[in-house]
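Quantities reported herein were computed from a predicted structural model and do not represent experimental measurements.
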Amino acid sequence: MGSIIGTMGCSSSVADRRSENVIRAAILIQKWYRFTMARLEMRRRYSLSIFQSIEYADEQDQLQLSNFFTFMLDHCNHPDSVSQIFTSPGAPQVVDEDLCLKEFEKKIDVPDSYSGPRLSFPLTVEDANALLHAFRNEQLLHARYVLQLLSETRRVLKEMPNITHLSTSYSKDITVCGDLHGNLDDLLLIFYKNGLPSEQNRYVFNGDFVDRGKNSMEIVIILFAFLLIYPNDLHLNRGNHEDYIMNLRYGFTKEVSKKYKDHWKQILCLLRDVFSWLPLATIIDSKVLILHGGISDTTDLDFLNALERNKLKSLMRPPKSVRDRQDQTKKRIPTSKPSKHIANQHVAGKTQHISSSGLTEPSGSNSPPDPALKEWKQILDILWSDPRSQNGCTPNKSRGGGCYFGPDVTAKLFKRYNLKMLIRSHEFKPEGYEISHDGKVITIFSASNYYEEGSNRGAYIKLNPELTPRFVQYQVSKLTRRQNLRERVGTIESSALKSLREKIYAHRSELTSAFAQYDVNGTGRISVNDWAAAMESVLQLELPWRMLRSQLAQMNPDGEVDFMSCFYDLKMDQPIKEAQPALAETLCRYRKDLEIIFNIIDKDHSGLISLEEFSQTWRLFTSHLGIDVQDDSIDKLVLSIDYNKDGHIDFNEFLEAFHVVHRLEKKATS
Amino acid sequence: MAEKEEKGEDGLVAEIEKKITEAFEVFDRESNKTVDVREIGCIVRSLGCFPNEAEVQELIEKMEVEEPGGFVHLEKFLPVVTKVLLDRRFRPIPEDVILHAFEALDENKRGYITKEDLVKYLTEEGEPFNQEEMEDMLAIALDPETDTLLYRDYRKKLVVDETKTFPYNV
């Protein structure tokens, strides 16, 4: 291969030729470098798309689960036991409203051997500093102090209005932080860079303090401690994860029960109540509205300010009138044994959508408007919605709850309430913040490395008295050596592909039959186009399948995809002999849902449920989903996992068996 | 016969269009069939094209962006880029060519280029790198021990990564 650096005319000197060559070489290297970087950027972007689309699909599943709870209430043979699902997350002894500091002190002993911080109420800055110090050193706060702190927090929150009004007139800046999701390092970094909360340094934390990360408990403790010390200077808004049913799925419940083995029931029960007392929004100088999700075309701040916010312990539990309506829809879908095969069976209610904008009273219905319904709709919209650049207000299809609101919806609300800016959180942003709707709407997201180490920066906003926002970005790094861009993308990509492969495996039989429909001659190979169409239709994820194909499935020299190759790398963790493949797949796919349901049934949180409870729940669940699984197959399976034959099942251990693992863990970076 | 060929052609165009749409949608943050005009170069390059900056600008002009720094709609993007791929414009260069380019900057054929020379050539000549691009490149490219670019190793590192993800050709 010859050089592309061509020869120059004879008349030019050697020096000229040299410089000409250098320029050409430079151009080529620049071109090549930009080409390489563009492709790296593409990999980074599609990895984030994978993470986000899987996250939102999971949220849809979670919202759908609320339909199942309703279904359970209506179909369970023992309604008394099931109705308790909604009264208590497994804590029969409700913490008494009046149980005060003294009583916790009497009831719960703190041993001398406890070396963590000891709080005394009312709290002071010293207490807060002691907490920060202890959490930096991975110490736990003793359950007595946690309970005292929570009951004090509830007392203080109860005094607060639904919408907090602040003024910048006597303060310099106000700092607004978005989702933290249990990433304590981010909160500590914000305090380090921006200073601790105080009368001179005011903060608004805009919801989603908990779930997903490892230190939700510590974050909640720190935020509540500062709230008690500076109730006028630190403000908290409720997020969609300050909800006990969400916490069952996304990790906070588990975290609390692991950290507080003796008192977690009481702690969770109090937290459920505390969360319901969190204010819904903050308004600064009557101009800047701060709330977690967004708005809809029906958002009514006066109404939101007047309702009893603590009535809604969980948005995952729609009021009865919505459930009735959804039931009517469901009745048209046969729920028992509709088909012989598990494949191609979609969740019966999958297309149903929980939102206010898509939700109108059923036509012809004469029922009077339900006030509980309106309250639920109003709060659901402000905690779950996302902005979009198109005008209008439409159902939030990717999340399955809340709505998408356009610039016109924002403009209308601003006009009505004379606002000039909306600060919201709720959405992952690679840079930690994003500005939309012509600068009227700001998204702030404070959890860095949210999907994976290096996936994104976190940010917070500083609002000065002129209400001009200034953004501060940061990224916590746990690694001693800073990864370069190429390594970072490699890490993010392999982690994203791992999640995607698990999703693929959980839909194995559905995908296989979809592929087979294209494989008319039974060669085991289909075109890339057909392969992409099958992936898209079964998984319901809008992803660049043609681009991802090389990472997911093998292709023969003729350009056809060997479709079974996308399952080669994966297997079930500890396959249980008694579980037929179809049954195992169903268990794998709905593992998270089942875990939540079993946790709710397991009222004493022993981790055990009876064989009868298991079978009954399983039948209801599969019938709700419209899946036909032979009753005797699950019975056999259930008997086989009752290892000590005492009539109880350890469901965590059971579900753990239906975990997808990767045969060949690819290295994160090449 | 002619009809059949026609169909084949249509099939190819349809397949190329799908591929382009997918790449476009990765950058379409709000799922409203638009992308920021600054992302156009990145999308075109990720489709296996090898244009220089001037050529990217030329493509953008054909896409009739309504306002400078605005957004490009898929409808405008698709025909322009489909034509590029069908005409096989901006083909990537063979791997050894880039090696020759680095050699051309290595006047004394020592197998490396000093940081100073690299910065000078790439930020002053051709289509100069901006500061961010230069810093990004140096962060990966420089050998931390000697502060020089050992270009044979560097090229290999990047190429290995590439072929795994983007083996497809149009």
Fill in: Largest heavy-atom contact set with chain B, pairs under 4.5 Å, which of A:Ser389, A:Ala26, A:Pro387, A:Ser49
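Option with the greatest count: A:Ser389.
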Worksheet item: Among A:Ile23, A:Asp386, A:Asn529, which residue forms the greatest number of heavy-atom pairs with chain B at distances under 4.5 Å?
Response: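 Max contact count across the listed options: A:Asn529.
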I'd like to know if [X] and [Y] make a salt bridge, using a cut-off of under 4.0 Å between side-chain N and carboxylate O.
X       : Y       : value
B:Lys19 : B:Glu22 : no
B:Glu39 : A:Arg45 : yes
B:Lys33 : B:Asp28 : no
B:Arg38 : B:Asp36 : yes

Worksheet item: Between A:Asn556 and A:Asp562, does any side-chain donor sit less than 3.5 Å from a side-chain acceptor?
Response: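 No donor-acceptor contact under 3.5 Å links the two side chains.
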Worksheet item: Are A:Tyr404 and A:Ser398 close enough that a side-chain donor and a side-chain acceptor fall under 3.5 Å?
Response: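 Yes, a side-chain donor-acceptor pair sits under 3.5 Å.
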Side chain, backbone, both or neither: which part of [X] has a heavy atom under 4.5 Å from chain A?
X        : answer
B:Glu133 : both
B:Phe24  : neither
B:Ala23  : both

Fill in: Contacts of type side chain to side chain donor-acceptor pair (under 3.5 Å), residue B:Asp87, not counting sequence neighbours
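Testing B:Asp87 for side chain to side chain donor-acceptor pair (under 3.5 Å), a comparison that skips the adjacent residues, returns B:Lys83.
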Worksheet item: Which residues pass the side chain to side chain donor-acceptor pair (under 3.5 Å) test with B:Glu127, sequence neighbours left out?
Response: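 Partners of B:Glu127 by the side chain to side chain donor-acceptor pair (under 3.5 Å) criterion come out as none, since no residue qualifies.
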Practice prompt. Pick one of side chain, backbone, both or neither for A:Glu434, based on which atoms fall under 4.5 Å of a heavy atom in chain B.
Written response: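 Contact with chain B: side chain only.
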Worksheet item: For A:Leu543, is it the side chain, the backbone, both, or neither that has a heavy atom closer than 4.5 Å to a heavy atom of chain B?
Response: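 Contact with chain B involves the backbone of A:Leu543 alone.
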Fill in: chain A interface, residue from B:Glu103, B:Glu125, B:Glu15 that has the most non-hydrogen pairs under 4.5 Å
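Most pairs with chain A among the choices: B:Glu15.
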Item to complete: Test A:Tyr450 against every option in A:Gln52, A:Glu55, A:Arg457 by the side-chain contact (heavy atoms from CB on, under 4.5 Å) rule and name the one that passes.
Response: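 So, applying the side-chain contact (heavy atoms from CB on, under 4.5 Å) to A:Tyr450 and each of A:Gln52, A:Glu55, A:Arg457, only A:Glu55 qualifies.
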Fill in: side chain to side chain donor-acceptor pair (under 3.5 Å) pairs, two or more places apart, involving residues 51-63 of chain B
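Residue pairs with at least one partner in residues 51-63 of chain B: B:Arg45-B:Glu53, B:Glu58-B:Arg89.
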Worksheet item: So which residues of residues 105-120 of chain B are in contact with chain A at a heavy-atom cut-off of under 4.5 Å?
Response: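 So the qualifying residues are B:Leu105, B:Glu107.
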